[in-house]
Amino acid sequence: MGRDSIAEIITSIRNADMARKRVVRVAYTNINETIAKILLQEGFLENMRKHREGTQSFLVSTLRYRRYRESRNILNLKQISRPGLRVYSNYQKIPRILGGIGVVILSTSQGIMTDREARLKKIGGEILCYIW
């Protein structure tokens, strides 16, 4: 059975955030790299790089923290589409998270992108996760 790399990166980032770890290391895949680039672009990650140990590659990301942090988590991630239940949406029905403050990551025919990009290009796709 294959591994769900989207669930792995979401769970790793969520666990690191709850444990207040600054660095997250996940297995390198093209999907993980694209999701990490979106998180970097949206300001949830501070830094991202590819690291190689022997024959395996890893994606090492640094989480962005606010200076004075509350006791509850700032970063919330929720996986929507999973291998057992795929969730699709056209561009008109892509949900808005917190009135547009949050980010929806979609897998479209033109690649993985945010909800704002998909609405501008007027394309729908598979809803991968919500971030707020």
Run the side-chain contact (heavy atoms from CB on, under 4.5 Å) check on Leu75 and Leu77 step by step: do they pass?
CA-CA 7 Å; Leu75 182 63; Leu77 292 106; 3.6 Å; yes
Please determine whether residues [X] and [Y] belong to a single hydrophobic cluster, defined as Ile, Leu, Val, Met, Phe, Trp and Tyr linked transitively by side-chain heavy-atom distances below 4.5 Å.
X	Y	value
Ile35	Met113	no
Val104	Ile101	yes
Ile94	Trp132	yes
Ile105	Met48	yes
Leu40	Ile131	yes

Give a yes or no on whether a salt bridge exists between Glu42 and Arg116, defined as a side-chain N under 4.0 angstrom from a carboxylate O.
yes
Run the salt-bridge test on Glu53 and Arg25 with the 4.0 Å N-O cut-off and return the result as yes or no.
yes
Go through the steps to decide whether Leu63 and Glu46 satisfy the test side-chain contact (heavy atoms from CB on, under 4.5 Å), and finish with yes or no.
CA-CA 6 Å; Leu63 297 178; Glu46 189 174 303; over 6 Å; no
Other residues, nucleotides, ligands: >12 heavy atoms within 6.0 Å of Ile31 CD1
no
Mark yes when over 12 heavy atoms from residues, nucleotides or ligands other than Arg22 sit less than 6.0 Å from its CZ; otherwise mark no.
yes
Enter the distance from [X]:[atom1] to [Y]:[atom2] here, rounded to the nearest 0.5 Å.
X	Y	atom1	atom2	answer
Ser61	Asn47	OG	CG	8.0 Å
Thr29	Arg3	OG1	CZ	9.0 Å
Ser12	Leu59	OG	CG	10.5 Å
Cys129	Arg82	SG	CZ	14.5 Å
Asn76	Asp17	CG	CG	8.0 Å

Test your reading of the model: is there a side-chain donor-acceptor pair from Thr108 to the backbone of Gly125, 3.5 Å cut-off?
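Answer holds: no.
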Any donor-acceptor N/O pair, Arg64 side chain to Phe44 backbone, under 3.5 Å:
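Here the side-chain-to-backbone pair does not exist.
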Is there side-chain contact between [X] and [Y], with heavy atoms separated by less than 4.5 Å?
X	Y	answer
Ile127	Pro95	yes
Val26	Phe58	no
Asp115	Arg119	yes
Ile80	Tyr130	yes
Glu117	Leu106	no

Under a 3.5 Å threshold, yes or no: a donor from one side chain and an acceptor from the other, between [X] and [Y]?
X	Y	result
Glu126	Ser81	yes
Ser57	Arg52	yes
Asn32	Glu8	no

Quick check with a 6.0 Å cut-off and a 45 degree axis cone: is Lys121 positioned over the face of Tyr91's six-membered ring?
no
Give me the atom names and distance for the closest heavy-atom approach of Gly102 to Leu98.
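In terms of heavy atoms, the two residues are closest at N-CB, 4.3 Å.
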Option passing side chain to side chain contact (heavy atoms under 4.5 Å, CB included) with Leu45 (candidates Ile38, Leu39, Val24)
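The side chain to side chain contact (heavy atoms under 4.5 Å, CB included) with Leu45 is passed solely by Leu39 among Ile38, Leu39, Val24.
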